[in-house]
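In the text below, chain A, chain B and the rest are named by the order of the sequence lines, each starting its count at 1. Keep in mind that what you see is a predicted model, and the values were worked out from it rather than measured.
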Amino acid sequence: MARGSDQVRSDQESPHDWVTRAADDAIRHAEQSGAGDRVITCASGASPSGPVHLGNLREFLTVHFVAEEIRRRGIPVRHLHSWDDYDRFRKVPAGVDPSWAEHIGRPLSAVPDPWGCHSSWAEHFKAPLQAALRELGVEMEEVSQTVEYQSGAYRDQILTAVQRRADIERVMSRYRTKAAPVAANDEEAEQLAETLADSVANDDRDAGDGDLARFPFKPYCRNCGRDTTTITAYDDDSTDLAYTCSVCDFHGVTNLSTQHEGKLVWKVDWPMRWAVEGVDFEPGGVDHASPGSSYTVGKELVQDIYGGRAPSFVGYSFVGVAGMAKMSSSRGGVPTAADALKILEAPILRWLYVRRQPKQAFTIDFGPEVVRLYDEWDSLGRKAADPARRDAQVLAHERASATARAGTLPVPRVVVPFRVLSSIADVTAGSADQISRLVSNLGHPHDSVDDLEPRLGKAMTWTAEFVPPEDRTTVRSSADTDRLAALSEDEELWLAQLLDRMPDELSLEPLTSLIYGVPKLARGMGIDDPPTDQVKADQKDFFRLLYQLLVGADRGPRLPTLFMALGADRVRSLLTPP
RNA sequence: GGGCCCCUAGCUCAAUUGGCAGAGCAGGAGACUUUUAAUCUCUUGGUUGUGGGUUCGAGUCCCACGGGGCCCA
């Protein structure tokens with residue numbers, strides 16, 4: 001790690017982060033692969049087997065940020081995304097018609113969409129993510145593995161893999177010699193069996209007996225389309241592959257040179273694509289980086305079989321979710337990028353993924369932390385406005401805020417604290433115009449509702465869907481007649497004074513002095529006189545009374561704000577004794 | 001059996017190829033005719049899980065241990 005002093009100096013002038021380093025690695029990889037004039041390829045991959053959740057999003061964004069960094073250095077680069085939609089449909093998730101079990105074993109692109117809105121299962125889950133990525137400013141070249149495999153694009157690589165299957169097996173077997181896990185009890189054993197049956201390792205299962213065991217290629221049955229096939233014979237000269245299907249009992253032959261009816265097993269498929277696509281950088285979940293897992297094995301295979309080099313790699317950790325217990329059951333699943341974008345501005349969601357190193361796990365909180373997150377973001381934004389303070393944090397802000405092609409992502413023209421927007425949204429009936437007027441009155445002048453977007457909409461959604469009921473302010477729907485009938489003499493006087501002097505058109509300043517002034521008036525003082533201790537005590541009681549009558553609680557949002565949110569008529573109806 | 005991440009203020013967490021341990025909230029003091037779920041100012045708070053090692057210098061790197069979590073087989 002020795003460095004020249006001049007480089008140390010440049011490090012000090014320009015902050016760096018994990019993105020800088022990953023981009024350095026990718027560029028170095030491209031140079032060492034002897035292709036100086038080639039476009040650098042940063043690859044991501046995902047299987048559209050279900051909702052693409054916030055953990056999967058890390059795959060896309062990690063690559064995106066690295067590609068952006070390379071692009072901004074003026075080096076040709078592409079973000080290539082593979083949809084693993086030729087993978088088998090593994091199991092029917094809860095909430096889907098159990099009859100979909102019929103499709104288990106078929107490619108995700110060949111399973112119909114249970115909701116009927118897209119052309120296939122795969123498309124159903126791709127579409128919402130594609131929309132979210134557009135909002136996030138992520139542009140990528142998308143490739144469908146179904147299209148690639150079925151077009152024969154990998155024909156030569158498949159033939160090579162099959163021809164070299166003994167070498168492949170030699171590599172794979174080295175990683176398979178570990179002791180089988182030991183289950184401590186029956187329950188654990190059951191869980192273990194389930195895990196194994198469900199894991200990607202399933203691809204390793206025997207595809208036939210003897211020489212054909214662990215065959216690197218798996219045909220989809222020509223008759224029923226499932227991968228429930230067992231290879232019965234393979235002729236190296238003709239490349240005819242014979243198989244039987246255990247589900248439909250079909251006996252067939254597919255020719256690997258001329259017909260394109262199957263795919264390589266995952267651990268061979270991945271390195272094959274590194275070679276074909278010339279991948280210089282590709283991240284993966286930390287699980288892919290464990291010894292014996294796909295990256296480790298693939299690294300050897302790409303070299304031995306395809307004469308390529310494994311891309312530079314970063315393993316990313318999992319993304320947790322918090323603060324949405326209420327939602328998980330009703331939605332029947334984990335939150336997606338689209339869910340997060342309902343409450344977070346696109347740059348903030350990007351920021352969450354760029355500010356921490358990939359190997360560090362983090363949690364996206366849909367609960368009260370959202371307010372803090374916005375505050376932190378706004379404060380970082382103020383810091384970023386000062387060029388003298390450009391450090392790694394500001395760099396993260398820059399990466400989050402803009403992309404080379406999309407430019408600056410949408411942020412409100414007038415930045416109002418999220419806390420203010422959401423608490424106002426809480427007490428109004430959710431009318432954006434009304435919120436906008438109140439926000440102006442609270443010292444955030446702006447020309448139109450649009451000036452507050454996209455933040456206002458997200459604050460409204462958050463308040464409505466994510467703030468627990470006990471933390472919300474519920475304005476009474478009708479007057480509390482019992483309480484109004486039981487007013488003390490003082491209380492009656494206060495209310496009378498207030499209602500008498502409250503104008504139909506409320507504005508913040510006069511309303512504030514009126515609310516604080518009522519107890520003074522009741523004691524024969526002027527409305528602008530300084531308060532005495534007695535008056536202060538009265539104010540406390542008066543405020544509590546107002547909260548009880550308006551929102552059925554002892555405390556609440558500041559009264560002048562609350563009054564303005566409700567409007568004079570509503571306040572009057574809730575405070576007028578019968 | 002193996003790998004990875006985490007342990008830092010009362011709480012939630014920062015500290016980005018080793019360079020003065022920092023925020024927010026909570027707590028305390030104060031300001032504004034204003035005491036509320038507003039705003040602002042100041043402020044208390046630390047043996048960085050434990051024990052070793054490397055280094056001019058360690059929250060950061062290495063080894064061991066304890067605790068929590070994730071993953072692979």
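Within 4.0 Å (heavy atoms only), A/T20 reaches no atom of the nucleic acid at all.
Of the candidates B/U34, B/U33, B/U16, B/U33 carries the atom nearest the A/K520 side chain, counting heavy atoms from C-beta on. Considering only the side chain of A/K267, B/A73 comes nearest among B/U34, B/A73, B/U16.
In this structure, A/E376 places its CD atom 8 Å from C1' of B/A23, rounding to the nearest Å. Separating the CZ atom of A/R58 from the C1' atom of B/C5 is a distance of 11 Å, rounded to the nearest angstrom. Between A/L559 atom CG and B/U34 atom C1' the separation is 11 Å, expressed in whole Å.
When the salt bridge (Lys or Arg N to Asp or Glu O under 4.0 Å) test is applied to A/R71, the partners found at least two apart in sequence or on another chain are A/E68. For A/Y353, the ring-ring contact (aromatic ring centres under 6.0 Å, His included) partners at least two apart in sequence or on another chain are A/F362. Residues satisfying the ring-ring contact (aromatic ring centres under 6.0 Å, His included) test with A/F65, not counting sequence neighbours, are none. A/R350 meets the salt bridge (Lys or Arg N to Asp or Glu O under 4.0 Å) test with no other residue; sequence neighbours excluded. Listed by chain and residue number, nothing satisfies the side-chain hydrogen bond (donor to acceptor under 3.5 Å, both in side chains) test with A/T62 (two or more places apart in sequence, or in another chain). Residues satisfying the side-chain contact (heavy atoms from CB on, under 4.5 Å) criterion with A/R72, sequence neighbours excluded, are A/E69, A/R390, A/L395, A/E398, A/R399. The side-chain contact (heavy atoms from CB on, under 4.5 Å) test applied to A/K520 returns A/M525, A/P531, A/V535, A/Q539, not counting sequence neighbours.
In summary, the aromatic rings of A/W462 and A/F418 are positioned with their centroids under 6.0 Å apart.
Between A/R21 and A/K540, the one whose closest nucleotide on RNA chain B sits nearer the 5' end is A/R21.
In RNA chain B, runs of at least 3 consecutive Watson-Crick or G-U pairs, each pair with both distances below 3.5 Å, span B:1-7 with B:66-72, B:10-13 with B:22-25, B:27-31 with B:39-43, B:49-53 with B:61-65.
For A/R356, no side-chain nitrogen or oxygen approaches OP1 or OP2 of B/C13 to under 4.0 Å.
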Please tabulate, one pair per line, each protein N/O and nucleotide N/O from nucleotides 37-40 of chain B that are separated by under 3.5 Å, including the distance.
{"residue": "B/A37", "atom": "OP1", "partner": "A/R555", "partner atom": "NE", "Å": "2.8"}
{"residue": "B/A37", "atom": "OP1", "partner": "A/R555", "partner atom": "NH1", "Å": "2.6"}
{"residue": "B/A37", "atom": "OP2", "partner": "A/R555", "partner atom": "NH1", "Å": "3.1"}
{"residue": "B/A37", "atom": "N7", "partner": "A/G556", "partner atom": "N", "Å": "3.0"}
{"residue": "B/A37", "atom": "N7", "partner": "A/G556", "partner atom": "O", "Å": "2.8"}
{"residue": "B/A37", "atom": "N7", "partner": "A/P557", "partner atom": "N", "Å": "3.3"}
{"residue": "B/A37", "atom": "N6", "partner": "A/T473", "partner atom": "OG1", "Å": "3.2"}
{"residue": "B/A38", "atom": "N9", "partner": "A/R558", "partner atom": "NH1", "Å": "3.4"}

